[in-house]
> 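One structure follows; several queries about it will come next.
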Amino acid sequence: MGKVLMKGNEAIAQAAISAGCEGFFGYPITPQNEVPEYMSKYLAKSGGVFVQAESELAAINMVYGAAAAGARVMTSSSSPGIALKQEGISYCAGAQLPVVIVSISRGGPGLGGILPSQGDYNQATRGGGNGDYRVIVLAPNGVQEATDMVRHAFKLADSYRIPVMVMADGIIGQMMEPVEIDTTPIPKAPNLWAATGQGKRAHTNMVNSMHLDPYELEDHNILLNNKYLEIAKNETDYEKYLCDDAEVLIVAYGTPSRIVKSAIKTLREEGIKAGLFRPKTLVPYPFDALHEASKSVKFVLVTELSMGQMIVDVKLAVNGLVPVHFYGRTGGVIFEPQEIVDAVKSHLGGK
Amino acid sequence: MGKVLMKGNEAIAQAAISAGCEGFFGYPITPQNEVPEYMSKYLAKSGGVFVQAESELAAINMVYGAAAAGARVMTSSSSPGIALKQEGISYCAGAQLPVVIVSISRGGPGLGGILPSQGDYNQATRGGGNGDYRVIVLAPNGVQEATDMVRHAFKLADSYRIPVMVMADGIIGQMMEPVEIDTTPIPKAPNLWAATGQGKRAHTNMVNSMHLDPYELEDHNILLNNKYLEIAKNETDYEKYLCDDAEVLIVAYGTPSRIVKSAIKTLREEGIKAGLFRPKTLVPYPFDALHEASKSVKFVLVTELSMGQMIVDVKLAVNGLVPVHFYGRTGGVIFEPQEIVDAVKSHLGGK
Amino acid sequence: MKGRVSFDNDTCKGCGLCVSACPMKILALDLSKVNKIGYNPAYCIDQEKCIACTNCALMCPDSVITVERLDI
Amino acid sequence: MKGRVSFDNDTCKGCGLCVSACPMKILALDLSKVNKIGYNPAYCIDQEKCIACTNCALMCPDSVITVERLDI
Amino acid sequence: MKTVKMVCAGFGGQGVLSMGQMVALMAMKKGFNTSWMPSYGPEMRGGTANCQVVIDEAEIASPIVSEGITLLLAMNQMALTKFQPKLEKGAWLIVNSALVDTKDVPSDVHILKADFNAIAQEVGNPKVQNMAALGTLAAHMDIFNKQDGLDIIEEKFGKKNPELTLLNQKAFEKAYDIS
Amino acid sequence: MKTVKMVCAGFGGQGVLSMGQMVALMAMKKGFNTSWMPSYGPEMRGGTANCQVVIDEAEIASPIVSEGITLLLAMNQMALTKFQPKLEKGAWLIVNSALVDTKDVPSDVHILKADFNAIAQEVGNPKVQNMAALGTLAAHMDIFNKQDGLDIIEEKFGKKNPELTLLNQKAFEKAYDIS
Amino acid sequence: MTVVFKKTKGLTNKPLTYCPGCTHGIIHRLVAEVLEELNILDRSVLIASVGCSVMAYDFFNTDCIQAAHGRAPAVATGVKRVRPDSIVFTYQGDGDLASIGTGEIVQAAHRGENITVIFVNNAIYGMTGGQMAPTTLPGQITTTSPYGRDVKTQGEPIKMSELIATIPGTYYVERVMTADPVSVRKAKTAIKKAFQNQVDGKGFSMVEVLSSCNIGWGLSPVDSLKYIKERMAPYFPLGVYKDKGKAE
Amino acid sequence: MTVVFKKTKGLTNKPLTYCPGCTHGIIHRLVAEVLEELNILDRSVLIASVGCSVMAYDFFNTDCIQAAHGRAPAVATGVKRVRPDSIVFTYQGDGDLASIGTGEIVQAAHRGENITVIFVNNAIYGMTGGQMAPTTLPGQITTTSPYGRDVKTQGEPIKMSELIATIPGTYYVERVMTADPVSVRKAKTAIKKAFQNQVDGKGFSMVEVLSSCNIGWGLSPVDSLKYIKERMAPYFPLGVYKDKGKAE
Ligand SMILES: Cc1ncc(C[n+]2csc(CCOP(=O)(O)OP(=O)(O)O)c2C)c(N)n1
Ligand SMILES: Cc1ncc(C[n+]2csc(CCOP(=O)(O)OP(=O)(O)O)c2C)c(N)n1
Ligand code: SF4
Ligand code: SF4
Ligand code: SF4
Ligand code: SF4
């Protein structure tokens with residue numbers, strides 16, 4: 001199958017179907033509506049189940065149930081809807097369920113606006129659910145990568161028994177780009193733990209996030225943490241672009257990273273050696289690689305479509321080596337390459 | 001009025017009443033049940049309104065409504081309940097409403113356990129609601145400070161028009177300690193913006209978090225951020241204990257900080273100069289003061305009742321100056337002073 | 001003439017609900033005009049026949065219509 | 001004797017629901033005993049009168065009771 | 001090649017979104033990188049719509065065209081009023097002369113006009129005005145030729161409705177030929 | 001003064017929680033720092049309860065007594081079984097001799113026994129066994145005297161029910177005197 | 001000449017943002033007229049919900065609070081409890097009230113909150129692009145029921161007036177429609193009663209208004225009115241479902 | 001001798017953690033007996049909810065999933081949709097089902113999910129220490145209605161069976177109680193029917209069981225049974241509220 005021109009949301013839905021998604025549970029919210037709409041049209045045709053839940057809360061709990069019963073499942077939403085899913089995500093993480101959550105984010109806080117934003121970085125990477133838990137967060141930079149990452153998300157969810165979020169800004173959800181969706185089947189990890197009815201099993205299965213004994217709960221938390229450390233070791237991913245000789249390192253993720261690339265071209269034309277470091281996994285964050293990459297630069301510039309949220313992880317990575325600056329737009333406003341160029345120049349100062 | 005022996009949750013409720021709380025909207029959850037219970041008994045008697053909401057979601061939205069109508073209001077909950085409030089908190093922040101949220105946290109993730117924990121640091125400080133917003137987070141170390149901070153929370157909420165969270169672990173909620181609750185009336189900031197019915201006002205009032213125009217929403221986000229910067233300048237608070245000559249700096253907040261103090265006594269008896277840095281405001285975090293305090297020490301040890309969440313802020317503050325280590329227990333297990341003593345010694349190593 | 005109906009032309013969205021509500025069939029959309037907001041506005045083709053029943057105004061979602069009655 | 005009722009003593013919580021359900025009034029709590037879990041367990045004071053109606057077992061929240069019927 | 005930053009705007013019923021999609025589709029077939037981005041949300045209500053198409057040899061930087069429009073298709077006056085300030089110098093402007101008055105457009109903008117309504121009327125269906133616009137556009141842009149347009153129309157409508165295909169192709173061709 | 005780390009444990013109905021509270025209250029009145037912490041949650045169900053009281057001259061470090069108990073009040077056998085491993089050397093153990101067998105308690109623990117049930121029975125109300133325990137405790141602890149106990153009982157029950165106050169005081173006194 | 005109909009002072013001058021022919025506009029007007037006639041504009045607080053009417057705060061000439069999706073009855077509770085003298089009303093669509101906000105509406109009725117609820121049932125999610133609502137008719141095509149609502153897997157449409165009427169705390173519930181001048185007049189009477197109840201301190205009142213979404217339904221505005229009358233009303237029978245006032 | 005009553009295989013050997021005399025235990029046993037008798041233990045998946053029965057997963061001899069507070073019907077939906085051959089049931093208290101989970105239960109019924117719901121109405125929040133539930137009786141004292149439930153400010157108790165019965169998607173609803181051997185036998189019949197419906201693919205079935213919380217009510221276990229019969233049942237009338245099977 002060659003490239004087709006597809007809307008991000010639809011491509012994401014199709015990628016999930018190609019990955020063998022057995023159940024989708026979602027609720028309408030702009031700018032992700034085409035995900036449930038596409039699913040309602042095509043998922044049942046390929047043997048899966050589509051349910052329009054009564055709310056985001058119900059959706060995440062349906063996903064929790066279906067995953068607990070051993071099915072490969074997904075939900076999707078946008079900013080306030082993801083906020084409503086936080087308790088459920090914490091439950092999924094606690095019960096170690098493989099679920100995929102697509103977040104197509106828009107401006108906030110509150111009802112905010114519906115235009116693209118990256119103001120949900122904290123929401124995705126630090127959760128808001130209770131307790132010590134982590135979900136893997138993947139951040140695509142366009143429609144093609146979004147579909148690849150959705151497929152990858154199902155693999156990761158399965159093999160680590162962990163919720164995986166694919167977080168994209170509203171641009172990716174709404175735009176059309178040429179895309180080729182991989183159709184290779186993804187084998188399912190055996191889920192002997194699933195609650196499907198005991199059948200011929202010798203014991204009953206139980207899916208649960210409660211541990212009343214504190215020592216048991218502590219052990220459980222340590223287990224979750226060890227799993228996370230394992231994931232950090234194996235699955236951290238990023239892209240470096242013209243970093244080798246860079247004197248200025250720009251860090252960006254998602255669609256804005258493409259704007260930064262174009263700014264970097266302009267900067268290089270003007271003789272300023274800039275490079276891009278783009279985390280592809282926001283959790284686990286590529287701390288070590290970014291630390292390395294920042295060693296030889298004058299400063300790091302973090303660019304986000306927010307008031308500055310990822311900058312915290314960048315600072316943690318850089319750990320005081322060089323100054324870390326910030327440039328951001330928010331509320332649905334998207335920066336132009338020239339703004340990045342200007343920001344870099346202003347920090348280079350009298351040079 | 002002299003000291004009385006009171007349960008933390010009840011003292012918190014009484015402090016809110018003394019602060020002139022006009023409305024409390026909550027839902028039962030262990031270990032904070034005594035807050036709504038106390039309110040149901042005494043709030044109406046002092047002219048306020050108590051409503052047992054049907055859920056945490058409803059509770060935070062009742063609080064949103066009552067605050068929008070200009071009343072001084074509070075809600076309280078615990079871990080999964082706070083997760084459910086995230087969308088509402090984001091709305092309150094977006095609409096700039098003065099509300100007080102008490103969080104008495106327990107073990108997670110998911111249903112977890114009901115024993116004390118600090119695993120909700122991320123939940124409190126990074127939210128999980130959508131968008132760029134901040135709430136002030138105060139962290140008391142005992143019943144007395146909890147009551148003082150609840151009263152302070154109302155003041156802060158009022159004067160900055162911002163949600164303020166008082167986050168305490170389950171110990172504070174459940175234990176009794178001698179406490180003296182200040183009864184000085186707290187004057188209310190004029191809330192000319194409140195939606196109470198137009199009355200004789202020339203214009204109608206509107207409380208809202210939506211801004212469809214991206215430039216408007218961006219301006220709104222900048223306004224919120226400026227407010228936060230102002231708060232960070234004025235309201236950051238912390239305690240230093242034996243820091244002046246310290247070679248080891250231990251950072252802890254909440255009840256565990258008292259355990260650390262007792263460990264520090266032991267350490268000093270053994271000739272190890274340890275000091276405690278205790279953030280009293282988690283948002284805004286005392287980055288500068290902690291940075292200063294870490295300048296002359298060999299290392300910083302962060303201690304939490306979690307797998308390590310505040311450590312991120314500590315690292316941001318220390319910014320690479322000295323190593324930052326961690327010791328934590330979780331799931332409801334509470335460390336003993338000796339564990340801290342041992343952790344310090346092990347990091348001092350061959351010394 | 002018992003009544004008079006008038007339209008705030010530039011807020012009319014040309015939906016036609018008034019047209020279909022009029023028992024005297026004296027309202028129509030003016031296909032020859034496009035108003036400021038891009039629609040063909042409604043108008044009265046025969047004021048004389050208006051009975052001031054207010055049906056049109058009742059059905060107008062945009063409060064475009066004012067109805068007056070002849071005082072006799 | 002038509003029936004026999006027996007108790008899994010150490011799971012009985014001494015709530016007395018069986019006692020009040022027995023139409024023959026032949027059940028009681030044994031106040032002289034405290035079982036492993038700290039309660040005065042129920043017992044039958046007169047097995048002879050048991051009619052195997054299973055009322056006691058039906059009302060027991062902890063499935064403590066087994067009832068047998070005499071086969072004739 | 002200079003990056004094409006195009007905006008298509010008009011009333012809801014004028015087919016600007018699908019017209020933009022077909023431009024992107026043609027670009028893709030020709031091996032270019034391309035993106036299509038609609039306006040979305042409540043502002044869609046009330047009957048105006050627009051989309052943004054970017055075509056480039058290099059990777060698309062931003063699919064959002066907020067400034068420096070190089071090519072504007074304005075199907076009504078409101079569209080022109082809204083986007084004219086964002087045209088870059090030397091930009092191309094394609095307008096539906098039936099509905100749009102270009103007297104206030106600065107002289108550094110190249111204007112291509114045609115009466116898409118009339119063409120559509122001639123062909124026999126007012127709905128195909130967007131394909132007439134596509135014709136004018138294809139005639140203007142170096143990277144496309146007539147066959148590209150005819151093919152893409154075939155591809156888009158072919159299976160479902162051969163008659164519609166023909167109709168659309170006719171409108172396209174008419175506009176292409178007079179441009 | 002050495003920190004007092006006390007645990008009071010027993011069946012649900014034996015009043016261990018309020019007994020612990022009264023110890024903390026007495027300590028507060030005497031100017032000490034003190035804290036009282038109940039066990040809470042579903043484990044309360046099924047009829048066992050316990051609370052932890054810490055008394056100190058310095059600020060209370062942890063209100064949780066998970067190890068190094070210096071004073072244990074065990075109102076039933078389960079309570080003793082559960083907390084005995086956590087007694088520190090030289091700790092004091094107060095038991096209700098009617099219900100608790102102390103033969104397995106190590107010799108480095110000081111045992112104070114009295115039949116609180118019997119005392120309560122004598123006084124005429126089995127519910128006041130916890131005040132008898134308070135009597136034994138007050139007699140043992142240097143920081144309290146008899147009057148402290150009588151006062152605290154007065155304060156706690158006085159207003160509501162003078163009769164109950166007297167009953168409780170009697171039980172307290174009886175146990176205090178024989179200890 | 002006497003003016004027998006002109007735009008109510010209960011509405012502001014801002015042009016409504018609804019699609020041409022959308023009967024949200026009629027319902028807005030009716031509510032605003034009632035507030036004007038009862039002389040309670042200056043006491044009223046509108047709780048706007050999330051849906052096409054999200055910007056209702058711009059259109060009503062009253063104080064307003066914009067609520068999170070589905071939570072308007074909880075927000076209204078908060079306001080009414082601390083400001084019992086104000087007249088508090090929510091304006092909610094079927095996605096808002098009958099789907100995500102089911103809990104809040106049921107429980108506000110259960111508590112017998114003295115508020116007024118205007119429930120606009122247009123059998124679809126208008127705002128987000130025409131997805132299925134809990135009230136979407138059997139077989140109706142929407143963007144999430146592209147093959148028509150299948151009652152086997154998507155259920156039969158829920159009847160909120162009937163449901164709310166079972167709640168002991170409910171004082172008054174009526175279902176009306178906006179299909180023609182006669183039904184619009186009846187709708188106004190019901191809405192007036194629902195507000196009068198609040199003024200009189202009676203308790204929870206809800207008016208369900210069958211409304212159109214011609215864009216979502218893919219019909220002309222005029223045909224949409226027919227659809228209300230001929231398709232919706234038979235499934236959602238009009239009438240009073242509860243009136244404690246009558247019983248008193 | 002023939003054994004005429006012994007503990008069902010549907011329950012595990014773990015001792016129940018309920019308070020002495022709590023009728024949660026009776027209801028557990030009835031459900032377990034029904035699963036055993038219908039021979040569906042090996043196909044069943046219990047969705048345990050949050051409340052005193054949170055650890056029901058330890059007691060039922062079936063596969064189990066523990067659900068967030070109120071969300072059991074959504075969790076059940078997820079399971080049933082992807083595993084239509086399994087027998088899925090929720091076990092929920094009145095705080096769980098009639099308060100925080102109102103939306104989920106109503107909407108599961110609305111979709112006509114083919115699941116079985118066991119709704120334990122004990123008119124109080126047991127687990128968290130006896131707070132008021134939506135079903136708490138007028139005047140009843142709880143830890144959050146310390147002066148007795150005041151219907152003026154806290155509403156009249158909600159009647160969930162009546163409410164759920166109005167939903168077109170609901171197949172079967174009955175209210176039973178556990179006050180004496182006769183009513184317990186009837187309760188079992190209802191529960192059996194609710195599961196048989198699911199086996200037969202009929203759709204959403206709910207049994208509301210009036211149950212005791214002697215600890216929360218401050219009564220003895222035996223007096224609590226009297227309270228169910230004499231105080232609760234008059235307010236919450238027993239009986240079948242909907243049975244599409246009868247109508248068929
Ligand atoms: C928490 C949350 N979920 C989803 C949305 C997206 N959303 C906005 S309006 C709406 C539904 C509107 O439908 P309805 O209530 O029927 O009103 P209508 O637009 O038809 O008038 C939805 C789902 C949101 N804003 N917030
Ligand atoms: C989100 C959330 N809110 C609140 C709680 C606390 N909680 C646990 S059980 C319960 C209520 C239980 O009452 P009910 O459902 O009536 O069951 P019962 O205990 O009476 O059997 C509550 C509020 C929780 N665990 N999670
Ligand atoms: S009903 Fe109103 S908006 Fe519609 S055509 Fe008539 S006047 Fe215009
Ligand atoms: S079976 Fe019947 S008669 Fe026998 S003990 Fe039980 S209740 Fe009494
Ligand atoms: S989408 Fe539907 S409900 Fe919304 S304004 Fe348009 S016609 Fe009205
Ligand atoms: S608290 Fe009530 S419902 Fe819970 S186990 Fe005890 S008696 Fe049963």
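Every value quoted in this text rests on a predicted model; they were computed, and no experiment measured them. Here is the naming used below: chain letters follow the sequence lines, and residue numbers restart at 1 for every chain.
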> Return the minimal non-hydrogen interatomic distance between H69(G) and Y91(B), and the atom names on each side.
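Heavy atoms of H69(G) and Y91(B) come nearest at N-OH, 4.2 Å.
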> Please give me the minimum heavy-atom distance between A74(G) and A58(B), naming the atom from each residue.
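Result for this residue pair: CB-O, 3.7 Å.
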> Applying side chain to side chain contact (heavy atoms under 4.5 Å, CB included) to M62(B) and V75(G), what does each step give before you reach the verdict?
CA-CA 5 Å; M62(B) 288 175 187; V75(G) 173; over 6 Å; no
> Taking every heavy-atom pair that is under 4.5 Å apart, which of A71(B), S55(B), A194(B) has the most such pairs with chain G?
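Ranked by contacts with chain G, first place is A71(B).
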> First locate atom OH of Y64(B), then atom OG1 of T77(G), and finally report the distance between them rounded to the nearest 0.5 Å.
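It comes to 14.5 Å.
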> Report, by ascending residue number, the residues of residues 79-86 of chain G in heavy-atom contact with chain B at a distance under 4.5 Å; give 'none' if the set is empty.
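Within residues 79-86 of chain G, near chain B: V79(G), R81(G), V82(G), R83(G), S86(G).
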> Do the side chains of E54(B) and R111(G) get nearer than 4.5 Å, heavy atoms only?
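The answer is yes, as the side chains (C-beta and beyond) meet within the 4.5 Å cut-off.
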> Under the criterion side-chain contact (heavy atoms from CB on, under 4.5 Å), which of T12(G), D42(G), N61(G) is the partner of T204(B)?
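In the set T12(G), D42(G), N61(G), the residue that makes a side-chain contact (heavy atoms from CB on, under 4.5 Å) with T204(B) is N61(G).
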> Quick one: CD1 on I60(B) to CZ on R71(G), what's the gap to the nearest 0.5 Å?
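Answer rounded to 0.5 Å: 12.0 Å.
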> Is there a side-chain contact between I65(G) and M206(B) (heavy atoms, below 4.5 Å)?
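No, their side chains stay 4.5 Å or more apart.
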> Does any part of the side chain of L41(G), heavy atoms only, come nearer than 4.5 Å to the side chain of Q198(B), both counted from C-beta?
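In short, these two side chains do not touch, never coming nearer than 4.5 Å.
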> Just how far is it from atom CE of M55(G) to atom CG of N208(B), taken to the nearest 0.5 Å?
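Here the rounded value is 10.0 Å.
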> Are any of the side-chain heavy atoms of D63(G) and T196(B) separated by less than 4.5 Å?
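A side-chain contact under 4.5 Å exists here.
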